[in-house]
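The analysis underlying the following values was restricted to heavy atoms, covering all of them including side chains, and did not include hydrogens, waters or symmetry mates.
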Amino acid sequence: MLGAQSASASVGSTIVGIAANNIGKGACDTNSAGSTGFYSSCSGGPEAWCADFAKWVWSQDGVDVTGLNSAAGSFGRYNGGLHSTPHVGDAILFNYDGAGHADHVALVTAVNGDGTINDIGGNQGGVRGNWSATSHVTANTHFNGAVGSYLGGQRISGYVSPIGGRDTSTPPPPPAPPAKNNRVIETVEGGALHEVYTDAAGWHDNAVPGIPGNINALGFSYDSTGARVVEAAEDGVLHEIYTDPAGAWHDNAVPGIGTGISALAFSYSPQGNRVIEAVENGTLHEIYSDTDGNWHDNAVPGVGGGISALAFSYNSSGQRVIEASKGGRLHEIYTDSTGAWHDNAVPGVGDGISALAVRVKADGSRVVEAVENGTLHEIYSDAAGTWYDNAIPGQAGNATALSLDLRS
């Protein structure tokens with residue numbers, strides 16, 4: 001992999017700005033320049049248009065696109081071919097066979113300090129069977145950019161640098177979605193799914209469009225690929241809501257499981273299967289998937305009566321720890337090393353809790369995000385086991401459900 005010298009930082013920044021201005025556009029939509037689509041993206045039904053988009057963005061910045069066409073593989077023969085080090089503004093090629101064919105191409109929009117990269121690409125996030133007509137320009141963030149790594153089942157083959165381009169600076173693209181070590185909360189606000197998160201600038205609260213507004217309980221975690229997975233009760237029935245590698249959201253019912261759910265919490269077990277603690281018709285249940293992906297739903301007798309909200313995580317020993325609201329007060333429900341369940345009140349903390357979420361830290365302390373009398377609170381224990389309860393004014397005041405994960 002030789003390739004030519006990468007574009008200047010200014011050229012790369014301009015390419016990023018043009019690409020970002022078209023996020024959400026489809027093959028036949030009006031692009032940021034005011035015309036229809038991206039080269040021939042809207043022809044033939046429309047066609048598979050990832051290369052159309054990448055070529056169009058480069059051309060808008062004055063890049064020499066001679067030799068590029070609507071085939072992703074044409075980028076593999078451009079400007080000396082592939083190289084292994086990503087630069088902002090480069091094209092990233094997937095599943096290239098070395099002879100002019102590739103499965104996908106997108107544009108590098110950031111090379112992050114943690115060694116990951118971001119990209120923006122066309123013809124992503126479509127519906128199987130009618131992909132190109134339903135896909136859009138979308139972004140992927142913080143994924144491994146090493147040659148040979150995979151993104152959404154596609155292998156990274158290498159990078160191609162643009163030739164030329166206008167050496168003018170443009171404002172940076174919008175900030176990336178929540179990064180590592182920031183707090184990320186999925187909430188239901190006014191019946192709609194929201195993401196509330198922190199970054200270097202503080203707190204943000206964004207709606208997730210296109211997800212049904214009848215969620216009455218939810219739980220949230222990241223899977224091993226970094227995708228967000230939300231287990232939710234919609235009209236009392238268990239649903240899985242999740243993001244795919246392109247950042248698109250999906251919502252699928254889990255048939256035959258979880259009728260009458262009024263509260264739930266979700267975590268991945270140390271073995272990697274999904275485990276949900278749920279209140280079904282007033283009784284605590286454990287809902288889980290096995291290694292074959294089959295779902296199970298078992299009642300936990302004698303524990304957790306009267307729960308109006310709950311949250312769940314594993315401690316470092318692999319035991320289940322549930323923080324629950326009973327009569328608005330905080331309770332801890334947990335299993336010991338023998339598998340027996342316990343239910344203890346936490347005195348003096350959490351008056352008026354209507355929703356809550358928890359993660360157990362490596363030192364055994366707990367972090368709980370809770371709505372108390374309409375205000376978001378952080379409730380936490382320190383290493384000595386002392387509990388604290390602090391309000392976060394002005395955030396998620398109308399949340400009826402929430403869930404928390406700490407990215408690590």
For residues [X] and [Y], determine if any side-chain heavy atom of one lies less than 4.5 Å from a side-chain heavy atom of the other.
X: I261; Y: I276; result: no
X: E286; Y: E277; result: yes
X: Y159; Y: I92; result: yes
X: V137; Y: D29; result: no
X: I322; Y: Y334; result: no
X: F75; Y: K55; result: yes
X: S308; Y: S325; result: yes
X: K25; Y: N31; result: no

[Y] and [X] side chains, donor-acceptor separation under 3.5 Å:
X: S32; Y: N21; result: no
X: Y288; Y: N273; result: no
X: N118; Y: T109; result: no
X: H87; Y: S161; result: no

Distance, nearest 0.5 Å, that separates [atom1] of [X] from [atom2] of [Y]:
X: E372; Y: D389; atom1: CD; atom2: CG; answer: 4.0 Å
X: L284; Y: I307; atom1: CG; atom2: CD1; answer: 5.0 Å
X: I120; Y: T138; atom1: CD1; atom2: OG1; answer: 8.5 Å
X: Y39; Y: N69; atom1: OH; atom2: CG; answer: 11.5 Å
X: F266; Y: I287; atom1: CZ; atom2: CD1; answer: 11.5 Å
X: I15; Y: D61; atom1: CD1; atom2: CG; answer: 5.0 Å

Would you say [X]'s side chain and [Y]'s backbone share a donor-acceptor pair under 3.5 angstrom?
X: S135; Y: W131; value: yes
X: R155; Y: Y96; value: no
X: W49; Y: C42; value: no
X: N112; Y: D114; value: no
X: H136; Y: T134; value: yes

Looking only at heavy atoms, which two atoms of [X] and [Y] are closest? And how far apart?
X: A51; Y: S70; value: CB-O, 3.5 Å
X: A91; Y: L107; value: CA-CD2, 4.1 Å
X: V111; Y: P86; value: CG2-O, 3.6 Å
X: E323; Y: L356; value: O-CD1, 3.6 Å
X: A102; Y: A72; value: O-CB, 3.8 Å
X: R274; Y: W295; value: NE-CZ2, 3.3 Å

Checking side-chain contact (heavy atoms from CB on, under 4.5 Å) for the pair Q319/S337: CA distance, chi angles, key distance, verdict?
CA-CA 7 Å; Q319 294 158 357; S337 58; 3.6 Å; yes

Could you walk me through whether N144 and S149 pass the side chain to side chain donor-acceptor pair (under 3.5 Å) check?
CA-CA 6 Å; N144 187 348; S149 299; 3.2 Å; yes

Within residues 330-341 or reaching into it, pairs that qualify as salt bridge (Lys or Arg N to Asp or Glu O under 4.0 Å) - sequence neighbours excluded
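Counting only pairs at least two positions apart or across chains, the salt bridge (Lys or Arg N to Asp or Glu O under 4.0 Å) contacts touching residues 330-341 are E332-R366.
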
Between W341 and T335, is the side-chain contact (heavy atoms from CB on, under 4.5 Å) condition met? List the steps.
CA-CA 4 Å; W341 287 88; T335 57; 3.5 Å; yes

Could you go through the side-chain contact (heavy atoms from CB on, under 4.5 Å) check for F53 and N123 one step at a time?
CA-CA 8 Å; F53 175 75; N123 197 30; over 6 Å; no

Residues two or more places apart in sequence or in another chain: which of them pass side chain to side chain donor-acceptor pair (under 3.5 Å) with D103?
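D103 satisfies side chain to side chain donor-acceptor pair (under 3.5 Å) with N95, H101 once adjacent residues are dropped.
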
Parallel, tilted or perpendicular: which fits the ring planes of Y388 and Y380, with parallel below 30° and perpendicular above 60°?
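Y388 and Y380: parallel rings.
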
